[in-house]
Protein chains: 2
Amino acid sequence: MNRSASIKDVANHASVAVGTVSNVLNYPDRVSQRTKERVLRAIDELGFIRNDAARQLRAGHSRTIGLIVLDVGNPFFTSVVRAAEDAAALQGSAVLLGDSGHNASRESNYIDLFQEQRVQGLLISPVGDVTERLDLLRDRGIPTVLVDRLADEDKYSSVSVDDDAGGYLAARHLLDTGRRRLAFVGGPTSIRQVADRLQGARRAVKEEPDATLEVLDSEGQTVLAGRSVGNMLVERGRGDLPDGIFCANDLLALGVMQSLTMTHTLKIPEDIALIGYDDIDFAVSAVVPLSSIRQPTEALGRTAIELLAEELESTGPRHRAVIFTPELVVRQSTGPAQGTAAG
Amino acid sequence: MNRSASIKDVANHASVAVGTVSNVLNYPDRVSQRTKERVLRAIDELGFIRNDAARQLRAGHSRTIGLIVLDVGNPFFTSVVRAAEDAAALQGSAVLLGDSGHNASRESNYIDLFQEQRVQGLLISPVGDVTERLDLLRDRGIPTVLVDRLADEDKYSSVSVDDDAGGYLAARHLLDTGRRRLAFVGGPTSIRQVADRLQGARRAVKEEPDATLEVLDSEGQTVLAGRSVGNMLVERGRGDLPDGIFCANDLLALGVMQSLTMTHTLKIPEDIALIGYDDIDFAVSAVVPLSSIRQPTEALGRTAIELLAEELESTGPRHRAVIFTPELVVRQSTGPAQGTAAG
DNA sequence: TCGTAACAATGAAACGATTCAAAGATTTGA
DNA sequence: TCAAATCTTTGAATCGTTTCATTGTTACGA
């Protein structure tokens, strides 16, 4: 049993024409019950497996969708991937996953690969500037949906999350629980996500006349960076401290939390409330469970597939940009304040 | 430019035969310099992209390798995937990644998909019992290499890590730094990894006549599970505590660390040393940087691809099981002890 | 100048599915 | 019972490559 059975073998074994076998596979309604059973039995007996290459060659397109993410290790993307796979499966497609690892050349290799494979379409959260390549793809009939990046609706469809709204949500929550002296901790504001979240926070703070927002720059977005910001705060002494801290992501927040709790004098949330962003797994299991902003990753993945399906149907020049609003997750780290005056 | 250019279009455009274009692509040495240039220019001008389906159909096999992991979100697998992709790229293949998410039916779907795609071979860290399917695959000429699972060399090739050795390494390190009252924290010992690590630790402890090993069962392998074991320890009171704790993974260790540090009386590593397993990113940035056992994930990924290549060449009935030894990573959490008597 | 070897280029056949016009079988209604 | 309508089945053509036997070209020594 060296080479696997072809549709022709099945046809012979069931004593029907190859076209009939194909019909059983693709248009079962066109085939009589009796014949169908014979063919199915033959398929089973020979262990026939459809050769996707041949099908694709004839049909002109595949049943697979390419998905290129920045980092599969990032829970955000992992979750998007899961949702996309499930949504694709529902419509009978499979997802080919590529991990660019923030590396433009890996990204480019995947685009090549997917193009050779003639995927139905491409979902991508781009690293480099790939707009030219994506334009070429579209001309060749391979539509693209940008993921986690807002795109001009004249050019592409996209799904993204409103970071400004997320920032607003976080700051508003701190304000609503009575905090007035807020601080924002975030990496270089050249990162769009960071800038947007800060902007949203500013918007919220402006709504309360007696509230202030201090911006603490961090070196990167890691636990260590958070810890050094935290240490800096601790050294300031009690009088000069914020009573609510919003970190641009959960790693930073966990770092800040480590510094503050190690003092054994400052208490979270009584003295300082703390909220992060992303709602990573570790947020729940922090020493003080961390409040956070959760991004609707499942919706992102599902919607990306839906937009791609739309692109495949209508070939209009107009596309859709779907923007999701993130969600507040309240945990212990932003519990009620101790003695601060409420607004 | 609706349908993309075929090799025939290229041949016309360059005024050569289709076979020549194919040779330029696959056997450049067989073609004269002049012709090659003409063809390459034509390819460029038409934006020709090889149709992989057609190539595959004719060649009988693809240039892709299927890789199914238990959980792409797990840093262990992420790293294995990276290494496998890089190794595959070196030999001109691409990796199609599937994430089973510990779900047997997803796993099965991926096997179907990869089989329809006629992948060259399959790397898999299996969820369910897939041996029958894998046997079928092999009969059809698709070899399999098991990843992170030891397999009978008469049946499959495999790459795995010696968990017993890892357990030994961790316990030996605690002993070498002067600890004698050891504890092992680990989930249900029905999980092979947990059992093996415990076994290795036992081996090390037997080497020191005055050393003891206590086994503390945890409910699962999470931070929370670790914390509840830690709390239990804290309640015991100082006299009755171990002086070195080995956790079956880093999450557990981080949980234990949280409990111990929250007491503000027990100090790590002076009172109790703590070592985990896996060396996840968070290990470095824990309050007390966590010592751990690092698995050679890059080697796993690379070797899996190499074994697959071997399988593709020789069709002998014998396979290879490569077992790697993990590596000790020493950080602050197992620094020198305070007053415990050394052996 | 010729014969031969080495090298280049050719183009038809094949891979395994889908498609579709045409042929064959069956049902329906009168 | 027959013609028309409907339902099944057939099998050749097709997709875009690779393969390989064949033909064409060039270089070289005798």
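Numbered from 1 within each chain, the chains take letters A, B, ... in sequence-line order.
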(Q) Can you see if the side chain of B:S22 gets near the phosphate of D:dT19 - specifically, an N or O under 4.0 Å from OP1 or OP2? (A) no
query: Do A:D86 and B:R106 come within less than 4.5 Å of each other through their side chains, counting heavy atoms only?
result: yes
Quick note, B:N51 side chain, CB onward, closest among D:dT18, C:dG11, D:dG16 is D:dG16
>> Between B:T303 and B:F324, is there a side-chain heavy-atom distance shorter than 4.5 Å?
In response: yes
(Q) With no hydrogens and no angle check, just 3.5 Å: does a side-chain donor-acceptor pair link B:S158 and B:S160? (A) no
Separation of D:dT10 atom P from A:N23 atom CG, nearest Å, is 10 Å
Quick note, A:T35 side chain, CB onward, closest among D:dT18, C:dT18, D:dT9 is D:dT9
Please examine the side chains of A:L146 and A:L134, heavy atoms only from C-beta on, and report whether any two atoms are closer than 4.5 Å. yes
Give a yes or no on this: more than 12 heavy atoms of other residues, nucleotides or ligands lie within 6.0 Å of atom CZ of A:R50. yes
Judged by nearest nucleotide, the residue sitting upstream toward the 5' end of DNA chain C, B:S15 or B:R118, is B:S15
Minimum side-chain heavy-atom gap B:I65-B:Q91 below 4.5 Å: yes
The correct set of residues in residues 56-66 of chain A placing a heavy atom under 4.0 Å from DNA chain C is A:L57, A:R58
Rounded to whole Å, the CD1-C1' distance (A:I7 to C:dT18) equals 8 Å
For this session: Report yes or no: do B:R133 and B:S108 form a side-chain donor-acceptor pair below 3.5 Å?
Result: yes
Checklist entry - Reckon A:Y27 has a side-chain N or O less than 4.0 Å from the OP1 or OP2 of C:dT18? => result no
message = A side-chain contact here means heavy atoms from C-beta on lying under 4.5 Å apart; do B:I111 and B:I124 qualify?
response = yes
Q. Can you tell me if A:Y156 uses its side chain to pair, donor with acceptor, with the backbone of A:T131 under 3.5 Å?
A. yes
To the nearest 10 degrees, the angle between the two end axes of the helix from C:dT1-D:dA30 to C:dA30-D:dT1 (five pairs per end) comes to 40°
Picking from C:dG11, D:dG11, D:dT18, the nucleotide nearest the side-chain atoms of B:A17 would be C:dG11
- Message: Base, sugar-phosphate or nothing for B:V16? Non-hydrogen atoms, less than 4.0 Å.
- Response: sugar-phosphate
Here the distance between atom P of C:dA23 and atom CZ of A:R30, to the nearest Å, is 19 Å
5'-most contact on DNA chain D (nearest-nucleotide basis), B:V18 vs A:K36, goes to A:K36
Atom CG of B:N12 and atom P of C:dG11 are separated, to the nearest Å, by 11 Å
Query raised in the report: Looking at B:S32, does any N or O in its side chain come under 4.0 Å of the phosphate oxygens OP1/OP2 on C:dA9?
Result: yes
When rounded to whole Å, the CZ to C1' distance for the pair A:R38 and D:dT8 reads 12 Å
Worksheet item: Does any non-hydrogen side-chain atom of A:F76 lie less than 4.5 Å from one of A:L300?
Response: yes
- prompt: Which part of the nucleic acid does A:N26 contact within heavy-atom distance under 4.0 Å: base, sugar-phosphate only, or nothing?
  reply: sugar-phosphate
To the nearest angstrom, the CD1-C1' distance between A:I43 and C:dA17 comes to 13 Å
From CG of A:D29 across to C1' of D:dT6 the rounded distance in Å is 15 Å
Separation of D:dG11 atom C1' from A:K8 atom NZ, nearest Å, is 11 Å
